[in-house]
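The block underneath contains the structure these notes are about, expressed in structure tokens.
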There are 2 protein chains.
Amino acid sequence: MADVAEKAGVSRALVSIIFRDLPGAGRETRERVLRIADEIGYRPDNAARLLARGRSRTLGVLFTVHQTFHTDLIAGIYPEAERLGYDVLLSAATHGRSEEKAVEALLGHRCEAVILLGPDAEPDYLDALSRRTVTVSVSRRVPHARMDFVHSAEGKGVRQAMDHLVELGHRRIVHIDGGRGPGSAERRRAYRAGMRRHGLADEARVIPGFHTEESGIETAHLLLAERERGLPLPTAVLAGNDRCAIGLLMTLTQAGVEVPRDVSVVGYDDSHLSHLMSIGLTTVRQDAVLMAEHAVRFAVDRLQDPEREPREAVLDPKLVVRGTSGPVPREPA
Amino acid sequence: MADVAEKAGVSRALVSIIFRDLPGAGRETRERVLRIADEIGYRPDNAARLLARGRSRTLGVLFTVHQTFHTDLIAGIYPEAERLGYDVLLSAATHGRSEEKAVEALLGHRCEAVILLGPDAEPDYLDALSRRTVTVSVSRRVPHARMDFVHSAEGKGVRQAMDHLVELGHRRIVHIDGGRGPGSAERRRAYRAGMRRHGLADEARVIPGFHTEESGIETAHLLLAERERGLPLPTAVLAGNDRCAIGLLMTLTQAGVEVPRDVSVVGYDDSHLSHLMSIGLTTVRQDAVLMAEHAVRFAVDRLQDPEREPREAVLDPKLVVRGTSGPVPREPA
DNA sequence: GCGCTCTACTAGCGCGCTCTAGTCCGAGTA
DNA sequence: TACTCGGACTAGAGCGCGCTAGTAGAGCGC
């Protein structure tokens, strides 16, 4: 920077002004300085900037590698953050890298706020984190913690899915849950409530699972094995999320079970996986872009006014009927 | 930091020493300082650290959201970087966010080197980038650029796959290519060479595609439409990557085409998608962890010795035979 | 007593930038 | 002429650390 200033015959302060695109520099000087900077290959140093400015204007995002819905969210976070003048830093939790570690990395890089996508860390940790930094959680509520919260009305989504299936004549509807995954508890509860509401409490069955393809595959094997033993297949399956639904679908289809003729399958998320099936996966759509925008805005708002209380956004999910759900089969599958 | 120093009755320098875990501080003082820091909630500020140290010891990673193989790579990058004492920053290219932008974000955050996962940017840009920063490219060769390069021997992989299929009796083997995707050109070339080598040059057929599920789905529709018009299905398909293979498989299976009875399908990557099929996807395994480790090591080595010439690592891929490939059908499908 | 080394610790500069509080100059105003 | 005013620009402090060069004091051999 000093080099640029010297070559241009101005002060460093003016170079700074020009690079921040502030008023206070003449047209001509501005152009000259920029040209010289380009020649020298000067680029402002972020670390020094942050240090001097005292603010980083950077948002940290924690996500879990392999969670497709997270990548959909990330795609939505970038533009909104940019619009509001914030930078985004990503940190992934993986098999060998805990969420704590990933978050500490973000904090270490001076993120002013962190957006946690479906965090799975200990509530105590999240609670402590929320009191240390502006924190937004997407999809997972952390009771008592001082963080903003963006999620969809899981209950409504599941309810729509159930109504849809019941309307199609299904009674033997099972639910593969998502274990400790974000939103699972609510979805499970809504499933049970839905079955009761439709007078199907006796048919209710929750198969423990996870938000992964493997979980869907496993469940499919379980159901197929039951059929071997003479038990009927369910006529409809409400999966914990799309990944699980896809795993289930692949395995069932390959075993000769036709979807939706023999079994209807409904997912959750409407991640880009839903289009994997040529007939399209019937699923409950969570608007990733909208959720991302809310998360970013919550973070930024609280950054601008630290006194502000954390908020909660509950977005309405929407059932998207595609090809994997259909009328209940005439005869038992 | 000053607060900690004061409260502990020592100098800032000593606090610094303690936080960097250097020798030169007494056991007792060390513990006291750490305790006080914890009470105050002091955490060293990275920006100031980087600034003072002149080095960030941070590696930037560019990836493309939704590319599953990238997430596999990321999972491998973290531990190796940590082992070598480097931090990792992620930046994603998405639909509305170009690779250039994502890379600039990394550079802006003072990454000393960038690791590009299957970059798709203009060669000119990549070339310029490689002369500005230590750069490692994974899966995509950029001619003349001054960057390290990690990839697998695409030719060998494809060759193994072809030999496997031919051995099973296949002759009508088509290849869905990956467009401008990383490695596609080499795979396409190897496919053509393989067909010639087996005396099947006349049967060779490359269907243009991309490294996405959609591409596999589209191709399936194309092939099914051809069958409608009386043309035979190919007996085997070599897909551009696993995502494409999965899309193809889903669609074919749903259309009643049995895999591998009617058609054999081989993927490429051995991403975690390969296990989506309960029978398992036959695919060419690229060892993501090994590739990630090479990439990190190349970057770090060149950071330590700037004079060092960029290197190239060619890893041997390995055909993994699973359930989607089988003997050629007796009668035309 | 002296010099020596070793451990524990400190003073203070500098990293590359931003920001506040100015200065300077020329045009407009009374 | 004297004055204000606004645009263009500058001086210099300070952001929170790391690092180099140092000091103080204890222990040791002679």
Side-chain angles (χ1 to χ4, degrees), chain A residues 1-38 40-58 85-87 104-105 107-112 132-133, chain B residues 1-38 40-58 85-87 104-105 107-112 132-133:
Chain A
M1 184 172 187
D3 296 348
V4 175
E6 194 182 348
K7 275 218 179 185
V10 298
S11 68
R12 295 183 307 105
L14 194 59
V15 176
S16 170
I17 284 173
I18 290 170
F19 266 88
R20 280 176 293 150
D21 219 11
L22 294 182
R27 255 186 67 90
E28 204 180 328
T29 321
R30 202 175 282 267
E31 282 166 14
R32 183 161 39 91
V33 167
L34 288 176
R35 188 169 40 74
I36 290 175
D38 195 50
I40 300 189
Y42 163 80
R43 305 163 28 79
D45 180 317
N46 234 304
R49 253 190 176 168
L50 303 192
L51 186 58
R53 183 160 51 194
R55 289 199 51 185
S56 69
R57 294 189 75 85
T58 299
Y86 279 76
D87 244 17
E104 295 306 322
L107 261 27
H109 280 274
R110 247 177 178 248
C111 291
E112 296 181 33
R132 196 167 90 191
T133 318
Chain B
M1 184 173 188
D3 297 348
V4 176
E6 194 181 348
K7 274 217 179 187
V10 297
S11 69
R12 295 184 306 106
L14 194 59
V15 176
S16 170
I17 285 173
I18 290 171
F19 267 88
R20 279 175 293 151
D21 219 11
L22 295 182
R27 255 186 64 91
E28 202 180 330
T29 321
R30 202 174 282 267
E31 281 165 13
R32 182 162 39 94
V33 167
L34 288 177
R35 189 168 40 74
I36 290 176
D38 195 50
I40 300 190
Y42 164 80
R43 308 162 27 78
D45 180 319
N46 234 303
R49 261 198 166 156
L50 303 192
L51 187 58
R53 179 164 54 194
R55 287 200 53 185
S56 70
R57 294 190 76 83
T58 299
Y86 279 77
D87 242 19
E104 296 306 322
L107 261 28
H109 280 274
R110 250 178 174 248
C111 292
E112 295 182 34
R132 193 167 93 192
T133 318

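Within every chain, numbering begins at 1; the chains are lettered A, B, ... in the order of the sequence lines, protein sequences first and strands thereafter.
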Starting from P on dC9(D), measure out to CZ on Arg27(A) and report it in whole angstrom. 13 Å
With sequence neighbours left out, the residues meeting side chain to side chain contact (heavy atoms under 4.5 Å, CB included) with Ala13(A) are Ser11(A)
Side chain to side chain donor-acceptor pair (under 3.5 Å) partners for Glu31(B), two or more places apart: Arg27(B)
Which residues share a salt bridge (Lys or Arg N to Asp or Glu O under 4.0 Å) with Arg20(B), sequence neighbours left out: none
Taking 4.0 Å as the cut-off, does a side-chain nitrogen or oxygen of Thr29(B) come that near to OP1 or OP2 on dA8(C)? no
Sorted by chain and residue number, the salt bridge (Lys or Arg N to Asp or Glu O under 4.0 Å) partners of Arg53(B) (sequence neighbours excluded) come out as none
For nucleotides 22-27 of chain D, just jot down a letter per nucleotide in 5' to 3' order: B, S or -, based on protein non-hydrogen atoms under 4.0 Å. ------
Sorted by chain and residue number, the side chain to side chain donor-acceptor pair (under 3.5 Å) partners of Arg43(A) (sequence neighbours excluded) come out as Glu104(B)
Counterpart residues, side chain to side chain contact (heavy atoms under 4.5 Å, CB included), relative to Thr133(A) (two or more places apart): Leu107(A), Leu129(A), Thr135(A)
Under the salt bridge (Lys or Arg N to Asp or Glu O under 4.0 Å) rule, collect the residues that match up with Arg30(B), sequence neighbours excluded. Asp21(B)
Specify the separation, in whole Å, of atom CD1 of Ile18(A) and atom P of dC9(D). 7 Å
Where protein sits on nucleotides 15-26 of chain C, one letter per nucleotide: B base, S sugar-phosphate only, - none, heavy atoms under 4.0 Å: BBBBB-------
If I take atom CG from residue Asp45(B) and atom CG from residue Leu50(A), how far apart are they, to the nearest 0.5 angstrom? 8.0 Å
Secondary structure of DNA chain D per the Watson-Crick/G-U criterion (both distances under 3.5 Å; [ ] crossing, | other strand, . unpaired) is ||||||||||||||||||||||||||||||
Would you please name every residue forming a side chain to side chain contact (heavy atoms under 4.5 Å, CB included) with Ala37(B), sequence neighbours left out? Val4(B), Phe19(B), Tyr42(B)
Residues in salt bridge (Lys or Arg N to Asp or Glu O under 4.0 Å) contact with Asp87(A), at least two apart in sequence or another chain: none
